[in-house]
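A note on names: the letters A, B, ... follow the listed sequences, proteins ahead of strands, and every chain is numbered from 1.
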Amino acid sequence: MHELPKVYDPTDVEPRWYAYWTAQGVFAAGSDPNDTRPVYVIALPPPNVTGSLHMGHALMGTLEDVLVRHKRMQGYNTLWQPGTDHAGIATQTVVERQLRQEGKSRHDLGREAFVERVWQWKEQSGNRIVEQMRVLGCSADWDRVKFTMDPDLSRAVREAFVRLYEDKLIYRATRLINWCSDCRTALSDLEVENEEADGKLYEFAYEVIDENSGSAKMELIVATTRPETMLGDTAVAVHPEDPRYLHLHGKKLKHPFVEREIPIITDAVLVDMKFGTGAVKVTPAHDFNDFATGKRHGLEEISILNLDGTLNPAGGRFEGLTVAKARKEVKLALAALGLERGEKAHKLQVPRCQRCRTVVEPMISTQWFVKMQPLAEPALAAVRDGRTQIVPAEWVKTYEHWLTNIQDWCISRQLWWGHQIPAFHCDACQHITVTREAAPSACESCGGTGLHQDPDVLDTWFSSGLWPFSTLGWPDNTPDLCRFYPTSDLETGYDILFFWVARMLMLGLHLTGEVPFRRVLLHGMVVDETGEKMSKVKGNTLDPLDLIHGASFDEVAKRTLPGAPLSEALQKFKKAYPSTAQMGQGFPAYGADSIRLTLCSYSPQAKRISLSPKRIEGYRNFCNKVYNAVRFSLPHIEGELPQQPPTRPTHLVNRWILSRLGTVAEQATRSIDAFRLDEASSVLYHFIWDELCDWYLEFNKALFVTGTEAEQLETRQTLAHVIEGALRALHPFAPFLSEELWQRVPRPEGRPHCVALAPFPTREDGPLDSDAEREITLLTTVITAARTIRSDHELEKSAKVPLQLRTQDPESRHLLEAQSALVEWFVRSEGAPEWVGPESPRPAGAVTAVAGNVEVLVGLRGLIDPAKEEARLDRKLKKAERDIAGLDARLSNANFLKNAPADVVEATQAELETLKTQRASLIAAVKLLVELN
RNA sequence: AGGCGCGUAGCUCAGUGGUAGAGCACUACCUUGACACGGUAGGGGUCGACAGUUCAAUCCUGUCCGCGCCUACCA
């Protein structure tokens, strides 16, 4: 056991413990009806089955795992409900791409065979992401894993649809929707991403039809960014008060390409007189504003597009062209007719399909919609009255803004992969029967038996919107649903606040009558080191597995930009991660714990998490530090069974470290509960490294040599306890490392078989001892002051120096006298520090520093470089003078004394006293130096 | 156009109404029996600019400059 290697190797350790936890059922939620433990539930945001683990998943998995492990250790019955999402469009696209490589399309297979094929693919590779989450250490209850298209979840989807339909919240309507001609489906507003692009504002003239005017032709010039849509124009609108066009009110225009007369209408809503020419062509079938205008004026809606995005017969001679081509051709044709009136550059928003980047066209279509406003109001109320809390709270406004301006949700998709809509069209009477039955026998209206199911499937987010309760057996009132719903926390990226979180709240409230979760915890987006969003196109993605297992930069680059030449991929990658320049040939195997600690260290307020490999390295080093601290401790603590709660020690350093352990445990718990994992991990990091390793273990080295037998025994016991406690505290963040070490360390009676089930430390583990904390501060300050002098004068490491201390504070003296052995050990002084009276002369050749209310004098006769020393003293003196002046000014301000709180005044006065002592000491030292010369 | 947020050490970011913090990077010394993935000590910032509130502002208020993101139908 003592021959642990010097360097911690996570690759060996991590898989072993994950297998152990799984075999022992450590992650399983308790379903025993007699289990009275409080419950903590997180529903894992189900990743797409198409997905493989990216940094965003790793972040999500880590944060949730920390929350879940912490609560599990606190004795909660925890359920982390895992699963995957069928991801309608994304998955269908993947399989269609495969088919295309075989020279086939989904239509060659037919719907049934195609869906079968997707299932096959899902069975094959849909589990990959789940496997990858295990590598990260995620402690979800994998036995309960769900898929949004499982039979029970599909039943929940049908039930939800039917209920919403019955409640008149789902309806079918013909209106303008977003159409992706590549995916061949309607999209919701959220699935359309607007992208700014440089376009042209193009002007052309419509000829005014005017029987009275004879030969003098009049024209009306319109401005548009999409000239091709003029083929569907059914009006031109001007502002009713626009003086330029008063004479045209009621007149008609001649369409240059199709046989149609176009009315000139007046509309104050659509038209802004100051923009363009003040005349707006109206295309109700291809523009949302124009659609609304058309409804106001009863205009004809002429669709000019086929579903594949080419022009239909309404496009006349332009039929068959793509939109882009038609745009050019229409412009040419207008020019040929002499109707072109110029164009200028114009920034415009191009709507693109979130999945395939194709330009989305507004199209008239019959689709299913969810009426949102009645659902939004309760969801707003739930957040306003605190039934669900959003953390960080800055997102509340965004949430409210969206819900208060919400549009109805188009939920039907013209895909094959997904939940087919449970609506049946009657061939006889056209009535639509919406039913829970998989295959209703007759039309509910006319009783006809010729029924066919609506071919559309539901938006993938419809089923995810039911996730927190559909996974627990809803609509049945199962024991799981009773026990685990509402869930506790919903943790996810802010990018799906609308897509998912808001919809879960709306659907949950409506269908179950309760909020689906008590808190919404939102994290930021992982971006590369230069702040760019990670994307496959940019070749700047990081694969968490490469970081965990290690990979050469060549391999990483190859994977991150497949198909591109290696040198190009490598260059892009290195540019995205400048810190890799100083990292050799590749990533070492950092291990999951290092990645987890790194991901936890970012504040949840950070919208962009700029992942730096160098930072991971820092946490890798930390893991090694912890490992070596235990390696050092083991021989000392073997056979020491720590007690719980620990016996109260007598030695200062033991009292201190116990107190710190308790304080840190409390802080960590408080921070984790507030979803400040960055604070919690930082507190643990600094406790373990700066206090436990840098001071406590070093104190122990001294005590194991110089201490009495009783002191040594007490120290061994305390060390055993603190190591065991620190490992428990670390476990949520670094589960593998902590488990590996905890299993080697002596443990109190009654501990469970693994740290994953052991109690998270509390104040019980270390009673507060503020005296000890204060005293250690003085002790370490004195030691550091003396060491600074040694370092400043470049003393040999082994050189012993005379050390003198002086203070006017009897308490400080008493304390330091009690610890003189430690002072001697740390400062390497010639024997114990010597106490000199306040008035006794300063020994020649001594160098001074001030630590709190103690003056530290290190005898350096013969070793001082007077010039250097003078400069050093001078620098310190100047700083002291500056500080004193500042405090003096403040304390002589009557308003400060009157208004500032008493403790602030007191602290300022004390600070001033200390500084004055310091100044006196420095002046004396300077004087001495001058005398010496 | 509206909303949200950001601007703090060379880099990435915490933070607080009472004389500024971390990690990495940097400097010097140290291959000392846990750890060189280490130790000891150190350097470095007028906390974006300008005004205001206050005894006191990096923090609160306002304006401005610069930068992100989200929402939105300006042709």
Side-chain angles (χ1 to χ4, degrees), chain A residues 4 6-8 176 189-190 194 201-202 222-226 229 237 270-272 274-283 287-293 346 348-349 362 394-395 397-398 400-402 405 494-495 497-498 524-525 529 531 533 578-579 582 588 590 594 598 601-603 605-612 614-615 617-635 678-679 682 685-686 693-694 697-698 701 784 787-792 794-798 882-883 886-887 890 893-901 903-905 907-908 911 915:
Chain A
L4 290 177
K6 281 171 81 164
V7 174
Y8 176 61
L176 208 58
D189 297 343
L190 285 180
N194 287 311
L201 189 60
Y202 177 83
V222 295
T224 179
T225 54
R226 301 197 50 189
T229 60
L270 180 70
V271 182
D272 173 1
K274 294 190 285 289
F275 188 90
T277 62
V280 186
K281 56 189 276 314
V282 183
T283 323
D287 181 281
F288 286 93
N289 277 324
D290 295 1
F291 182 78
T293 308
H346 183 68
L348 54 97
Q349 300 289 326
E394 64 203 51
W395 289 105
K397 279 188 185 170
T398 310
E400 290 188 344
H401 181 257
W402 188 69
N405 297 296
Y494 69 78
D495 55 329
L497 180 59
F498 305 145
M525 299 293 110
E529 222 175 350
K533 208 170 156 182
S579 77
Q582 14 164 330
Y590 290 119
S594 311
T598 308
S601 72
Y602 292 91
S603 159
Q605 272 115 296
K607 288 194 177 175
R608 289 138 46 92
I609 294 175
S610 155
L611 195 72
S612 162
K614 260 319 217 187
R615 190 152 169 165
E617 201 174 286
Y619 284 98
R620 189 271 316 259
N621 296 351
F622 173 68
C623 290
N624 192 50
K625 188 78 182 175
V626 175
Y627 169 82
N628 273 290
V630 174
R631 202 164 72 96
F632 165 78
S633 304
L634 273 176
D678 58 322
E679 275 177 12
S682 156
Y685 178 99
H686 287 109
C693 291
D694 286 353
L697 293 187
E698 296 302 322
K701 287 178 188 172
T784 303
R787 292 207 289 211
T788 304
I789 295 174
R790 291 188 61 116
S791 171
D792 279 354
E794 295 171 9
L795 290 200
E796 288 287 323
K797 169 178 55 79
S798 54
R882 251 197 332 270
D883 293 348
L887 291 181
R890 183 177 306 174
N893 182 336
N895 285 323
F896 171 71
L897 296 173
K898 199 174 69 194
N899 295 322
D903 58 320
V904 170
V905 176
T908 311
E911 180 71 23
L915 283 171

### Query
A/Gln605 and A/Ser603: side-chain donor and acceptor closer than 3.5 Å?
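Judged by distance alone, the side chains do pair up.
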
### Interatomic distance at C1', B/C26 relative to B/G10, whole Å
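About 9 Å, rounded to a whole number of Å.
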
### Query
Quantified in whole Å, what is the C1' atom distance between nucleotide B/G44 and nucleotide B/A28?
15 Å

### Query
What string of B, S and - do you get for nucleotides 27-32 of chain B, 5' to 3', if B is base contact, S is sugar-phosphate-only contact and - is no contact with any protein heavy atom under 4.0 Å?
---S-B

### Nucleotide-resolved protein contact map, nucleotides 7-19 of chain B, B/S/- at heavy-atom distance under 4.0 Å
-----SSSS--BB

### Query
Does OP1 or OP2 of B/A72 have a side-chain N or O of A/Asn405 closer than 4.0 Å?
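No, no such contact exists.
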
### Query
Does a side-chain N or O from A/Ser682 land closer than 4.0 Å to OP1 or OP2 of B/G23, or not?
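No.
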
For a quick check, tell me whether the side chain of [X] and the base of [N] share a donor-acceptor pair closer than 3.5 Å.
X        : N     : result
A/Gln349 : B/A1  : no
A/Arg631 : B/C35 : no
A/Lys6   : B/A34 : no

Set of residues satisfying side-chain contact (heavy atoms from CB on, under 4.5 Å) with respect to [X], sequence neighbours excluded:
X        : value
A/Phe896 : A/Arg890, A/Leu891, A/Asn893, A/Ala900, A/Val904, A/Val905, A/Thr908
A/Glu529 : A/Tyr577, A/Pro578, A/Ser579, A/Ser612, A/Pro613
A/His346 : A/Leu201, A/Thr225, A/Phe275, A/Leu348

### Summary
Each base of RNA chain B marked ( ) or [ ] if paired in-strand (Watson-Crick or G-U under 3.5 Å), | if paired to another strand and . if unpaired gives (((((((..((((....[..)))).(((((.......))))).....(((((..]....))))))))))))....

### Message
Closer than 3.5 angstrom, by distance alone: can the side chain of A/Ser791 be matched with the main-chain N or O of A/Arg787 as a donor-acceptor pair?
### Response
no

